[in-house]
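To start, the structure under review is shown below, and the notes come after it.
Given the structure is predicted, the values throughout are model-derived calculations rather than measurements. Residue numbers run from 1 in the order of the sequence given. Whatever order the structure lists ligands and atoms in, that order sets their numbers, starting from 1.
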Amino acid sequence: MTRTDPHSYFDDRQPRAHRWHLRLLVDFDSRILGGEATLMFPRPVAGILDLDSKGLAIHRVWVTVSGAKVPFELGPEEPILGRRLRLTLPEATHGVSIAYETSPGAVGLQWLEPAQTEGRRHPFLFSQCQAIHARTLVPCQDSAAARVAYEAEVVVPEGLTAVMSAGPAGDGPGPIPGTRAFQFRMPQPIPSYLLALAVGELESRDLSPRSRVWAEPATVDRAAWEFAGVEAMIAAAERLFGPYDWERFDMLVLPPSFPYGGMENPRMTFLTPTLLAGDRSLVDVVAHELAHSWTGNLVTNATAEHFWLNEGFTVWAERRILEALHGEEAAAAAWAIGQNALAESLERFRDQPELTLLRTRLEGVDPDDAFSSIPYEKGARLVAALEQEAGEGAFLAFLRDYMKRFRFTSITTEQFCAFVEERLPGLLARVDADAWLHRPGMPANAPVFRSARLDRITAMARAWAGGTRPGDDPMGDWNPSELLVFLQNLDRVQSLEDCAWLDRRLGLTARGNYEILAEWLCIAAASAYEPAYPRIREVLARVGRMKYLRPIYAALGRHEATRALAREVFAQASAGYHILARRLIQGVLAKYP
Ligand SMILES: [Zn+2]
């Protein structure tokens, strides 16, 4: 073999680092991380070592211990991969150290001004390395196939706290006056995309002996209330999937510009503050990130071409946890909401059907451009189809075997299929796995998840188009998921009278549940319903979660007046968006007529 990952210079014939030691200084003024990365090898190695790097300034490379200089060479800039950093290691190298700096425009880092935080007094920094942005933080073999344990020392301005996807290992005065040094230790080998760092004015609250939530002081008590049920979730997941293997499950609630709902950084899940609905109605995202501790972080995809193995299994697992905690109705509602996201992604990729396969081919494609609900929702439906065909007991037993066999490794779809064939012969053929994996769109045998209650709600939404309005009673009885299903099943464009009716009856513009609010604002935007414009402005200016930005900006594209509104808001707000969100919305605006 040679290069196994289309998005990395990782070459499996070369030495493979198994541990990193990072020493980093966080400089908010220059927006640079500077320091040293040491890559350790399990045995003495020599020869060529190709690393990934993007935007990194490499100052010096030397053999750890002896200090002997290591020749290095940076290749030309490739738009997706970045620059190959080629080291020539002398005989008997145990470790190699690299002195380097990140660039202020590193895609993997977002630097926030104090005004962009809740407390407005201190700056904030957070990382997001998935899919291939670890190379903008650290020169490394940035392929999920090359797992590493790590230790880190992070030096930050006094008064700020650093957290990482690792266990804390103490803190003390930093090497420079006015700084503090935080130590971390991550003993389990992780794929590079799970490296994570955040720095800010942070406080924590204990939720259980093994879980704690971190957030800015103004947010931390709300977060502790919202996520108080996390221990019950961990226990439910352990009953399904076996013991939790990462010791602690801590969470960090980030400022609102965090571009995702959550990121499953091990030992420190990152979460958007849009989950703080005030009624614990959006904690399914926590169930999702927790489920990654088994399906994903423990066994993950070797490259972005097998992403469904990570996310498909995790969505399925998340819904199994929800079902165990809240019953079948709750799980059915989650599947129904997911169906809607799946339909939108299939529509979005109508002209790129190759991106609707589960097993993708992404040579020359940026994984961020291929990102959609397909690996999540189509993948989860394949897992459900396998479960239904195998039978629940047999499938859960298989799953535990699977996680035992591949724990702390990163695998391909082909390895997965070979293992299924070995343990449950004929199962793949019976669900026509080939169609799921290698053909676009949804197979005809896709499982359907229904409940009588949801059927009544979707029927009401359909009757709405014919002029039938639901009575007060049923609507008052709906939980947030059910209301969301109702809104999702309405046509995007409504008359102004109907918008006013919905808004008045359901109090939509004032909602604090962002799933409902964003769904409503899409309808309001597509319908040019002016009373919602101030709320649209406020949400787009404050929240950077791409799941909401994309559809709201897209819905604003229907009318000239709303297009002008979108462009104006984007001009003001985009400086506060994460670079991935900014790029995404630039793409949406470029498609406006
Ligand atoms: Zn996920």
Side-chain angles (χ1 to χ4, degrees), residues 108 126-134 144 165 190-196 227 230 233-234 237 240-241 244-246 249-254 258-272 274-275 282-322 331 334-335 337-342 344-345 355 358 360 367-368 370-384 399 403 410-411 413 416 515 545-548 550 578 580-581 584:
F126 65 82
S127 67
Q128 167 57 38
C129 288
Q130 199 178 33
I132 55 168
H133 306 307
S165 55
I190 59 164
S192 49
Y193 73 80
L194 292 177
L195 174 71
F227 304 133
V230 71
M233 234 178 223
I234 302 172
L240 284 165
F241 310 126
Y244 180 74
D245 255 330
W246 303 85
F249 182 75
D250 292 341
M251 297 172 279
L252 169 67
V253 177
L254 290 148
F258 184 59
Y260 294 100
M263 179 64 211
E264 65 271 23
N265 300 314
R267 294 175 179 237
M268 188 61 71
T269 280
F270 283 17
L271 296 169
T272 166
T274 60
L275 302 182
L282 297 178
V283 294
D284 53 343
V285 173
V286 176
H288 179 94
E289 307 313 332
L290 171 65
H292 270 297
S293 309
W294 288 266
T295 57
N297 300 359
L298 203 55
V299 183
T300 197
N301 49 298
T303 78
E305 295 183 332
H306 310 278
F307 192 42
W308 81 274
L309 277 176
N310 181 354
E311 292 299 352
F313 264 95
T314 299
V315 169
W316 172 84
E318 158 207 331
R319 289 179 190 154
R320 284 310 231 97
I321 295 171
L322 280 186
W335 283 105
I337 291 163
Q339 183 69 40
N340 191 69
L342 176 60
E344 277 169 12
S345 291
L355 293 181
L358 286 181
T360 49
D368 288 322
F371 185 84
S372 79
S373 295
I374 309 268
Y376 292 73
E377 296 292 343
K378 184 179 176 182
R381 281 161 178 76
L382 169 55
V383 178
L399 195 69
M403 288 189 284
S410 308
I411 66 168
T413 304
F416 170 75
E515 291 291 314
R545 188 173 173 189
M546 297 192 286
K547 180 183 183 187
Y548 303 142
R550 185 214 303 269
H578 190 278
L580 295 176
L584 179 81

Original post:
Hey, mind stepping through Phe270 and Phe126 against ring pair (Phe, Tyr, Trp, His ring centres under 6.0 Å) and telling me if it holds?
Top reply: CA-CA 9 Å; Phe270 283 17; Phe126 65 82; 7.2 Å; no
Subject >> Mutual orientation of the aromatic rings belonging to Trp316 and Phe241 [parallel < 30°, tilted 30-60°, perpendicular > 60°] >> reply: tilted
Original post:
Considering residues at least two apart in sequence or located in another chain, which fulfil the ring pair (Phe, Tyr, Trp, His ring centres under 6.0 Å) criterion with His288?
Top reply: His292
Subject >> side-chain contact (heavy atoms from CB on, under 4.5 Å) involving Ala291 - partner list, sequence neighbours excluded >> reply: Thr295, Thr314, Ala317, Ile321
Original post:
Taking it one step at a time, do Tyr376 and Glu318 satisfy side chain to side chain contact (heavy atoms under 4.5 Å, CB included)?
Top reply: CA-CA 11 Å; Tyr376 292 73; Glu318 158 207 331; over 6 Å; no
**OP:** Can you sort out the partners of Trp294 under side chain to side chain donor-acceptor pair (under 3.5 Å), two or more places apart, ordered by chain and number?
**Re:** none
**OP:** Quick one: name the protein N/O/S atoms under 2.8 Å from the Zn ion (ligand 1), chain by chain.
**Re:** His288 NE2, His292 NE2, Glu311 OE1, Glu311 OE2
